Amino acid sequence: MTTSKTNPREPHSLPYYIADNTQLPSHIPSVPEVGATSAPLLSASYFIGARCAPYNEDFMLCRSQSRTGEVDCLKEGRRVTRCAISVLEDINKNCQNEFRKHWGCLENENHDLSRCRLDEAPLNACVAKFLNLTKVIPDSDGTPINVYETPSFFQKKVKAKYEQ
Amino acid sequence: MATSQDLPPKGGYDAIQWKRNLPSRGFRPSIYLGIMGAISLFGFWRLSVAMHMAREEKREKTWARIHLLPVLQAEADRDAVRRYYSTLEREKAIMKDHPDWADGKPVYHDGRMHLPSFVFLEDTKSAR
């Protein structure tokens with residue numbers, strides 16, 4: 001027993017989670033949430049950035065300029081969420097197999113983008129063909145990291161693994 | 001009658017080497033230094049290639065996070081606003097009979113909205 005004169009309460013850890021399940025008040029419009037987990041989001045991040053850049057910048061500008069931040073920028077936040085959902089839906093409609101291969105590889109490789117180049121190439125090609133979205137790294141100085149023939153220890157292992 | 005004696009061989013023994021025999025072998029030291037320098041330079045070149053690639057990969061990772069930040073922040077904002085309004089309702093319900101209570105009156109006087117920093121839960125299990 002860890003109760004004593006100075007600590008009368010027994011420690012208790014609950015067998016369930018306590019959650020505040022109140023919904024948003026009805027004067028705030030509801031929006032479907034992005035249900036994706038971290039690996040699909042990382043895989044689709046550059047395509048979300050390509051399509052949703054204006055909405056993202058609008059939202060971050062609103063947040064940095066407003067006094068209260070969260071409450072004032074709910075509308076911009078809804079736009080951002082809807083755009084991200086549209087990107088993920090389109091990828092799943094057109095390129096689902098390549099998408100799943102790529103984020104499955106990321107799940108196995110500690111979310112290391114450089115270890116999944118072999119799965120990233122067909123995904124980038126499919127998305128460029130069907131969605132007209134290209135992966136662009138701004139301010140890049142041109143060092144080739146996207147081509148798996150470049151000298152890198154990991155690329156050779158990945159290549160050998162996939163050509164078994 | 002000839003007895004057998006332990007005599008030296010005919011022609012005498014071979015000469016004994018008593019002078020030092022230390023032939024100088026190998027290349028001159030500058031060549032070895034050159035070989036070591038060449039290996040080091042090759043290693044430094046490989047290192048610089050790897051560092052450039054690591055920098056670009058870090059750039060790639062950072063930009064992926066930048067593109068995803070608004071989506072996650074918007075979701076967190078909605079959750080924070082939901083909890084804020086839930087706290088207001090809870091306070092209203094608890095203090096509805098209190099004469100000096102003003103609903104939603106802020107504790108701070110700087111004019112900004114502050115999200116709730118505490119969560120008050122029902123006390124169901126402590127033994128009093």
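For clarity, every value in this text was computed on a predicted model and none was experimentally measured.
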B/Gln73 and A/Val80, any side-chain heavy atoms less than 4.5 Å apart:
no
Carefully, step by step, assess A/Glu70 and B/Arg83 under the rule salt bridge (Lys or Arg N to Asp or Glu O under 4.0 Å).
CA-CA 12 Å; A/Glu70 284 87 356; B/Arg83 286 172 177 269; over 6 Å; no
Could you check which of A/Pro138, A/Gly49, A/Ala84 has the highest count of heavy-atom pairs closer than 4.5 Å to chain B?
A/Pro138
Whether B/Glu57 and A/Arg115 form a salt bridge (side-chain N of Lys/Arg under 4.0 Å from carboxylate O of Asp/Glu) is what I want to check.
no
Taking all atoms of both residues into account, what is the closest heavy-atom pair of A/Thr143 and B/His52, and its distance?
CG2-CB, 4.3 Å
To the nearest 0.5 Å, tell me how far A/Ile137 CD1 sits from B/Thr62 OG1.
10.0 Å
Validation row: A/Asp139, B/Trp63 side chains within 4.5 angstrom (heavy atoms):
yes
Name the option with the most non-hydrogen atom pairs under 4.5 Å to chain B; the candidates are A/Leu24, A/Leu74, A/Thr68.
A/Leu24
Around atom OH of A/Tyr55, are there more than 12 heavy atoms from other residues, nucleotides or ligands closer than 6.0 Å?
no
With side-chain contact (heavy atoms from CB on, under 4.5 Å) as the test, would you mind laying out the steps for B/Asp77 and A/Arg63 before giving the verdict?
CA-CA 10 Å; B/Asp77 281 356; A/Arg63 276 210 102 217; 3.1 Å; yes
With chain B, the option among A/Ile85, A/Ile48, A/Leu41 that has the most non-hydrogen atom pairs under 4.5 Å is A/Leu41
Going by heavy atoms in the side chains, are B/Lys61 and A/Leu42 under 4.5 Å from each other?
no
Let me know if A/Arg78 has heavy atoms under 4.5 Å from chain B in its side chain, its backbone, both or neither.
both
Please determine whether a side-chain nitrogen of the Lys or Arg among A/Asp141 and B/Arg59 lies less than 4.0 Å from a carboxylate oxygen of the Asp or Glu.
no
Is it the case that one hydrophobic cluster holds both A/Leu61 and B/Leu69, taking links as side-chain heavy atoms less than 4.5 Å apart, direct or via other members?
no
A/Val34 with A/Phe99, same ILVMFWY side-chain cluster at under 4.5 Å:
yes
Flag the pair A/Arg51 / B/His67 as yes when at least one side-chain heavy-atom distance between them is below 4.5 Å, and no otherwise.
no
Picking from B/Glu89, B/Glu56, B/Arg65, B/Glu60, which has the most non-hydrogen pairs under 4.5 angstrom with chain A?
B/Glu60
Counting C-beta onward and ignoring hydrogens, is there a side-chain heavy-atom pair between B/Arg82 and A/Gln23 closer than 4.5 Å?
no
Taking everything shown except B/Met51 itself, do over 12 heavy atoms lie less than 6.0 Å from its CE?
no
Counting only heavy atoms not in B/Arg55 (residues, nucleotides, ligands), do more than 12 fall under 6.0 Å from its CZ?
yes
Shared ILVMFWY cluster between A/Phe59 and A/Val87, side chains joined below 4.5 angstrom?
yes
Under the side-chain contact (heavy atoms from CB on, under 4.5 Å) rule, what do A/Tyr46 and B/Leu68 come out as? Steps first, then yes or no, please.
CA-CA 9 Å; A/Tyr46 277 94; B/Leu68 289 175; over 6 Å; no
A/Ile28 versus chain B, the contacting section by heavy-atom distance below 4.5 Å
side chain
Does atom NE2 of A/His27 have more than 12 heavy-atom neighbours, drawn from other residues, nucleotides or ligands, at distances under 6.0 Å?
yes
Pair A/Thr81-B/Arg78, side chain to side chain donor-acceptor pair (under 3.5 Å): steps then yes or no:
CA-CA 11 Å; A/Thr81 306; B/Arg78 280 192 289 274; 2.9 Å; yes
With a 4.5 Å cut-off on side-chain heavy-atom distances among I, L, V, M, F, W and Y, is there a chain of contacts connecting B/Phe44 to B/Met36?
no
Can you find a heavy atom in the side chain of A/Asn56 that is under 4.5 Å from one in the side chain of B/Ile66?
no
If you group Ile, Leu, Val, Met, Phe, Trp and Tyr by side-chain heavy-atom gaps below 4.5 Å, do A/Leu131 and A/Val136 land in one group?
no
Residue pair B/Ala64 / A/Ser45: nearest heavy atoms and the distance that separates them:
CB-OG, 3.3 Å
Between A/Arg67 and B/Gly111, which heavy-atom pair has the shortest distance, and what is it?
NH2-O, 3.1 Å
Just wondering, more than 12 heavy atoms not from B/Leu22 lying within 6.0 Å of its CG?
yes
